[in-house]
S.K.: 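A single structure is presented below for examination.
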Amino acid sequence: MSKIYSKINGTGSYLPDKILTNYDLEKLVDTTHEWIYERTGIVQRHIASDNESSVDMAYSSSLEALKKSNISVDQIDMIVVATTTPERKFPSSAVLLQNKLKIEKGFAFDVNAACTGFVYAIDIADKYIKSGLVKNALVVGTEKITSLLDWKDRNTCVLFGDGAGTVVLSASDQAGILSNTIGSNGSYKDLLTVNTDPEYIEMKGNDVFKIAVNTMGKLAVSTLKENNMNIDQVDWLIPHQANSRIINAIAKKISLPNDKVIMTVDKHGNTSAASIPLALDDANKRGVLRSNHIIMFEAFGAGFTWGSTLLKF
Ligand code: COA
């Protein structure tokens, strides 16, 4: 029997209509466009409306990904949704999405690994597909992360945005996902967290910044080493989009030219688990990704959690 690979079959994304620019934020908190742009690379972010949930966004991005792939909704046998902002505590967002898509078979569950969630979700779906148990999986990152913001806290409210991205991952006899690495260390739990009552994001930005650069930099180097690849073989780095300075530092660490880095943080802000699938779909829609291109995902988030994926597109 030939080896089973899992391969990206289609991508889709969704961004809410409402755009909040840095200039808009100047009216809400003591900040400036220049401060935000210089420190983070962010220019604007999308904000979900009151009646729009992370599941609604996941539904829109999934419909698009399904349309772009060559499989139909009734061929989906697994749904994994990476989110930290589920519509309900239960049923999971993945089950709510399954229901919206009118799927009544297979299984669906959520993954919470904060901003690393999508890479965790890819890792899990990849293993199910390679084991032969699943043929087609919907892998989603979706966040209404602005629902966790204190709009009076300039340290955090300028950084985040909402959105969703979906990938259809399918069994294939052609190489697709080449490797995944995921990890976590809860001793950093208080550096980036959501407080209760009220539920607001709290972050020690400076500490997070340094550890994010270090962790993703090392991870990118070890991913190349494990796959016996050199940097010239990598076509695209698609990192978690939190801060352009973090992204540039990772690219520098692996000597990757900036024109091989997909950057969407300027348009989207930090959309947590949605950021990598949003950036992937953005690049795909711009037509820059070719079949067999080598793509590297690098992610980092609260916990801390981290993850790296190397794949052939
Ligand atoms: N506008 C203007 N000033 C601001 C501000 C804002 N929106 N937010 C913070 N400041 C101020 C601070 O109060 C501080 O003032 P002080 O020196 O008078 O106390 C000053 O700017 C510098 O703050 P500092 O935190 O040292 O800035 P920084 O250069 O580290 O940049 C971040 C702040 C948040 C942009 C940066 O630390 C960062 O990106 N961290 C990582 C965030 C991240 O990626 N999180 C998610 C990981 S998944």
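Positions are given from 1, in the same order as the sequence printed here. Hydrogens, waters and symmetry mates play no part in the numbers below; they use all other heavy atoms, side chains included. Order of listing sets the numbers, starting from 1, for every ligand and every atom in it.
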S.K.: Determine whether Asp235 and Arg290 satisfy the following criterion, salt bridge (Lys or Arg N to Asp or Glu O under 4.0 Å), listing intermediate values before the conclusion.
M.R.: CA-CA 9 Å; Asp235 295 290; Arg290 299 265 177 279; over 6 Å; no

S.K.: Would one find an N or O of His240, backbone or side chain, under 3.5 Å from an N or O of ligand 1?
M.R.: no

S.K.: If I take atom CE from residue Met296 and atom CG from residue Asn227, how far apart are they, to the nearest 0.5 angstrom?
M.R.: 8.0 Å

S.K.: Tell me the nearest of Thr156, Asn155, Ile201 to atom 9 (C) of ligand 1, using heavy-atom distances.
M.R.: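 Among Thr156, Asn155, Ile201, the closest heavy atom to atom 9 (C) of ligand 1 comes from Asn155.
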
S.K.: Atom 28 (P) of ligand 1: which of Lys210, Glu34, Arg39 has the nearest heavy atom?
M.R.: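 When every heavy atom of Lys210, Glu34, Arg39 is considered, Arg39 comes closest to atom 28 (P) of ligand 1.
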
S.K.: When you measure from atom 25 (O) of ligand 1 to every protein heavy atom, which one gives the shortest distance, and what is it?
M.R.: Asn206 ND2, 3.9 Å

S.K.: Provide the number and element of each atom of ligand 1 under 4.0 Å from a heavy atom of Val208.
M.R.: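 Near Val208, meaning under 4.0 Å from one of its heavy atoms, ligand 1 has 45 (N), 47 (C).
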
S.K.: Side chain to side chain donor-acceptor pair (under 3.5 Å), that's the test. Do Thr40 and Asn243 meet it? Break it down for me.
M.R.: CA-CA 5 Å; Thr40 70; Asn243 183 313; 5.6 Å; no

S.K.: Just which atoms of ligand 1 are under 4.0 Å from any heavy atom in Thr31?
M.R.: 1 (N), 2 (C), 6 (C), 7 (N)

S.K.: Can you confirm whether something in the protein, heavy atoms only, sits under 4.0 Å from atom 18 (O) of ligand 1?
M.R.: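 When distances to the protein are checked, atom 18 (O) of ligand 1 has no heavy atom within 4.0 Å.
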
S.K.: May I ask whether atom 7 (N) of ligand 1 is less than 4.0 Å from at least one protein heavy atom?
M.R.: yes

S.K.: Taking atom NZ as the centre, does Lys225 end up with more than 12 heavy-atom neighbours from other residues, nucleotides or ligands that are less than 6.0 angstrom away?
M.R.: no

S.K.: Would you say atom 14 (C) of ligand 1 touches the protein, meaning some protein heavy atom is under 4.0 Å from it?
M.R.: no

S.K.: My understanding is that only one of Asn185, Ile211, Ile182 makes a side-chain contact (heavy atoms from CB on, under 4.5 Å) with Trp306; could you say which?
M.R.: Asn185

S.K.: Please could you name the atoms of ligand 1 that Phe300 approaches to less than 4.0 Å, counting only its heavy atoms?
M.R.: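 Under 4.0 Å from Phe300, ligand 1 has these atoms: 48 (S).
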
S.K.: Please indicate whether Glu104 has more than 12 foreign heavy atoms, meaning atoms of other residues, nucleotides or ligands, lying under 6.0 Å from its CD.
M.R.: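 Result for CD/Glu104: open.
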
S.K.: Specify the protein heavy atom at minimum distance from atom 34 (C) of ligand 1: its residue, its atom name, and the distance to 0.1 Å.
M.R.: Leu159 CD1, 4.0 Å

S.K.: Does Asn270 reach the side chain of Ile145, with side-chain heavy atoms less than 4.5 Å apart?
M.R.: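 With C-beta onward as the side chain, the pair stays apart.
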
S.K.: Select the closest option to atom 44 (O) of ligand 1 among Gly41, Ala242, Ala299, judged by heavy-atom distance.
M.R.: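 The option holding the nearest heavy atom is Ala242.
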
S.K.: How close does the nearest protein non-hydrogen atom get to atom 45 (N) of ligand 1, and which residue and atom is it?
M.R.: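 The answer is Met203 SD, 3.3 Å.
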
S.K.: Going by the atom numbers of ligand 1, which of them fall below 4.0 Å from some non-hydrogen atom of Cys115?
M.R.: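 Answer for ligand 1: 48 (S).
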
S.K.: What I want to find out is whether Lys18 reaches Glu52 closely enough, with some N-O distance under 4.0 Å, to be called a salt bridge.
M.R.: no

S.K.: Salt-bridge test for Lys68 and Asp281: reply yes if a basic N is under 4.0 Å from a carboxylate O, no otherwise.
M.R.: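 Looking at Lys68 and Asp281, the cut-off is not met.
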
S.K.: What residue and heavy atom of the protein are closest to atom 21 (O) of ligand 1, and at what distance?
M.R.: Trp35 CZ2, 3.4 Å

S.K.: Just to be sure I'm reading this right: ignoring hydrogens, which of Gly301, Gly205, Ala114 gets closest to atom 37 (O) of ligand 1? Compare them by their nearest heavy atoms.
M.R.: Gly205

S.K.: Could you tell me whether the side chain of His46 reaches within less than 4.5 Å of the side chain of Met57, counting heavy atoms only?
M.R.: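 Not in contact.
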
S.K.: To which protein heavy atom is atom 39 (O) of ligand 1 closest, and what is the distance rounded to 0.1 Å?
M.R.: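 Closest protein heavy atom to atom 39 (O) of ligand 1: Asn243 ND2, 2.6 Å.
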
S.K.: Specify side chain, backbone, both or neither for Asn270, according to which of its non-hydrogen atoms lie closer than 4.0 Å to ligand 1.
M.R.: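 Side chain only.
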
S.K.: Just wondering, are more than 12 heavy atoms of other shown residues or ligands nearer than 6.0 Å to OH in Tyr37?
M.R.: no

S.K.: Report the nearest protein non-hydrogen atom to atom 11 (C) of ligand 1: residue, atom name, distance rounded to 0.1 Å.
M.R.: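 Here the nearest protein heavy atom works out to Arg154 NH2, 3.7 Å.
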
S.K.: Does Lys100 form a salt bridge (Lys or Arg N to Asp or Glu O under 4.0 Å) with Asp56? I'd like the steps, not just the answer.
M.R.: CA-CA 9 Å; Lys100 263 183 179 291; Asp56 297 326; 3.2 Å; yes

S.K.: Backbone, side chain, both or neither: what part of Ile246 comes under 4.0 angstrom of ligand 1, heavy atoms only?
M.R.: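 It is the side chain that touches ligand 1; the backbone stays farther off.
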
S.K.: Mind checking whether Thr40 contacts ligand 1 via backbone (N, CA, C, O), side chain (CB onward), both or neither, at a 4.0 Å heavy-atom cut-off?
M.R.: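 The answer is the side chain of Thr40.
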
S.K.: Under 4.0 Å, heavy-atom basis, I'd like to know which part of Val158 is in contact with ligand 1: side chain, backbone, both or neither.
M.R.: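 Val158 to ligand 1: side-chain contact only, backbone stays beyond 4.0 Å.
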
S.K.: Go through it in stages, so that I can follow the logic: the residues are Asn180 and Thr309, the test is side chain to side chain donor-acceptor pair (under 3.5 Å), and I'd like the CA-CA distance, side-chain angles, deciding distance and then a yes or no.
M.R.: CA-CA 4 Å; Asn180 284 303; Thr309 299; 2.8 Å; yes

S.K.: At less than 4.0 angstrom from any non-hydrogen atom of Phe209, what atoms of ligand 1 do you find?
M.R.: 38 (C), 39 (O), 40 (N), 41 (C)

S.K.: Can you tell me which residue among Val80, Val134, Asp77 is in a side-chain contact (heavy atoms from CB on, under 4.5 Å) with Tyr128?
M.R.: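 Exactly one option meets the side-chain contact (heavy atoms from CB on, under 4.5 Å) with Tyr128, and it is Val134.
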
